[in-house]
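Here's the structure we're looking at; comments come further down.
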There are 2 protein chains.
Amino acid sequence: MNVSLQSSKVYIEIVKQLREMITNNRLKPGDRIPSERELSERLNAGRSSVREALRALELLGLIETRRGEGTFVRDFRGHQLVQLLSTFILQDEKAKQDVAETKYFIEMDCLRLALVRLEENSLQLLKDKIHHVNFSEDEFFYRIIELADNHLFLRIWIILKDYYRSLYIDEPQFVKADYVHLLRGLEEKDVDKTVNAYRKLRNLSILTDTN
Amino acid sequence: MNVSLQSSKVYIEIVKQLREMITNNRLKPGDRIPSERELSERLNAGRSSVREALRALELLGLIETRRGEGTFVRDFRGHQLVQLLSTFILQDEKAKQDVAETKYFIEMDCLRLALVRLEENSLQLLKDKIHHVNFSEDEFFYRIIELADNHLFLRIWIILKDYYRSLYIDEPQFVKADYVHLLRGLEEKDVDKTVNAYRKLRNLSILTDTN
DNA sequence: GAGACAAACGTGGTCTGACCACTGTTATAT
DNA sequence: ATATAACAGTGGTCAGACCACGTTTGTCTC
């Protein structure tokens, strides 16, 4: 912390240290964080710097402070994500378009990722899905995004999906053949085939890749 | 501020005051905020409290501070998302990886979009950028994302960029040749060339597309 | 007068020490 | 055993002191 090479600000370093501390010690919401004075000593920093870091995290809602008691990790599983996004999404027509576009691209990204990280049995599961009577497009892609194994993409996608559904009420028709092609592409680990199948499936023309 | 009736914390009050100050004075991104010492006087608060507020806003990405110069309002489009993302960022190492990966993919998506929506003069602007002495990777890609003309991507990217910067302190080295290739790909509207140039630029191996 | 250099000033960055208010624990008196 | 008082620990806040850095100003030189 006190090291000279340190170009970054101290409070930023402390934020990082705290993050590590929370993960390494498996601290869960409700658990207590060392006191400001103790952190100050342990991290070789002034208490004011520690406080700057803590206040920032507090404003972010990551920790909670109770005078006389201490500082605690907060329960941040609150899924009020959609609400917040909604504040700026429902603007103009262009925004709706962006939602769809972004969703498509992320799905495509995840297909590419899934292509690399795919395993045998998971493919079978997808096959079962499309042959099932109660096929759900969202469930299908949810599984794809999961296979991509990128939590951030998953979160973003879920939000986008909800908006997408609220913006475009018309249920997309299920063309089984398109999905079959998609799965075949995945099975053969053929990027082009997979991506093209996806485009066909979504009726995408502008987002052409095959120049 | 110092009044007893004030149950809320001082730094929270300062945050509110600052928000009012920014809106009332119509402060725009790039505009300067009074110095810490002046705020301390004007708001009847200690400088440390003022700093706690400022640091918190800084971590949120709402303001920017430059030592020796001052504190400035920042472009805070979509800052609400920061809060959300941050909640889960602090979890595991995998999350960091996801941030990087997501950022890369979105940049690649926007390259694909820019490829379609590109115009003459904007390409020239990019060329100027990479030949400029003060080249900034972030600025370059910001422009790319803008060209993609998808506001949602832009918002997400800005947040990811900030986190990326805070997670990976090591500045990426600027290999001009890679950027030249990238621009050439854009110029020729060649998707594969562009994408491959980007991969080279980022040293991406896992995200292989060219099966 | 124009330009180069140096000093002064203003700014954020950090630390220390001092209080205060509040909470929980411990020791004490009843 | 219970109620009360003292204590220790914690966050909340402030004031003052440096430092590092950038800008401005002023002076000197040519």
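Order of the sequence lines fixes the chain letters, A, B, ..., with proteins taken first and strands second; residue numbering starts at 1 for each chain.
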- request: Could you check how far CD1 of Ile33(A) sits from C1' of dG9(D), rounded to whole Å?
  value: 17 Å
query: Out of dT23(D), dG12(D), dG13(C), which nucleotide sits closest to the side chain of Glu36(A)?
result: dG12(D)
Any donor-acceptor N/O pair under 3.5 Å between dG12(D) base and Arg47(A) side chain: yes
- request: Give Ser40(B) one of three labels, base, sugar-phosphate or nothing, depending on what nucleic acid heavy atoms sit under 4.0 Å from its own.
  value: nothing
statement: Per atom distances to the Glu69(B) side chain, the nearest of dG12(C), dT23(D), dC14(D) is dT23(D)
query: Is the gap between the ring centers of Phe105(B) and Tyr198(B) under 6.0 Å?
result: no
- prompt: Looking at Thr71(B), does any N or O in its side chain come under 4.0 Å of the phosphate oxygens OP1/OP2 on dG12(C)?
  reply: yes
Side chain of Thr65(A) (C-beta onward), nearest among dG12(D), dG24(C), dT13(D): dG12(D)
task: Nearest whole angstrom, please: distance from the C1' of dG12(D) to the OH of Tyr11(B).
output: 11 Å
field: Side chain of Arg67(B) (C-beta onward), nearest among dC15(C), dC21(D), dC14(D)
entry: dC21(D)
- line: Lys9(A) NZ to dC19(D) C1', in whole Å, measures 16 Å
message: For a quick check of understanding: with a heavy-atom distance under 4.0 Å over all strands, which category does Ser48(A) fall into, base, sugar-phosphate or nothing?
response: base
- request: Take atom CD of Glu41(B) as the centre, draw a 6.0 Å sphere, and report whether it contains more than 12 heavy atoms from other residues, nucleotides or ligands.
  value: no
- prompt: What's the closest nucleotide to the Arg51(A) side chain, out of dG13(C), dT16(C), dG12(D)?
  reply: dG12(D)
message: Heavy atoms only, 4.0 Å cut-off, all strands: where does Gly46(B) land among base, sugar-phosphate and nothing?
response: sugar-phosphate
- prompt: Is Arg117(A) reaching over with its side chain to a backbone N or O of Ala148(A), donor-acceptor style, under 3.5 angstrom?
  reply: yes
- prompt: How long is the line joining CG of Leu39(B) and P of dT11(C), in whole Å?
  reply: 11 Å
query: Side chains of Glu36(A) and Thr71(A): do they bring a donor and an acceptor to under 3.5 Å?
result: no
message: Whole angstroms only, please: what is the CZ-C1' distance between Arg66(A) and dG24(C)?
response: 13 Å
field: Given DNA chain D, 5'-ward residue of the pair Glu38(A) and Val50(B), judged by closest heavy atom
entry: Glu38(A)
task: To the nearest Å, give me how far apart CD (Glu52(A)) and P (dC14(D)) are.
output: 14 Å
message: Expressed as a whole number of angstroms, how long is the span from Arg37(A):CZ to dT16(C):C1'?
response: 12 Å
- prompt: Rounded to the Å, how far apart are Leu57(B) CG and dG12(C) C1'?
  reply: 15 Å
- prompt: Does OP1 or OP2 of dG11(D) have a side-chain N or O of Arg55(A) closer than 4.0 Å?
  reply: no
query: Given Leu183(B) and Tyr179(B), is the side chain to side chain contact (heavy atoms under 4.5 Å, CB included) satisfied, shown in steps?
result: CA-CA 6 Å; Leu183(B) 287 185; Tyr179(B) 284 87; 5.6 Å; no
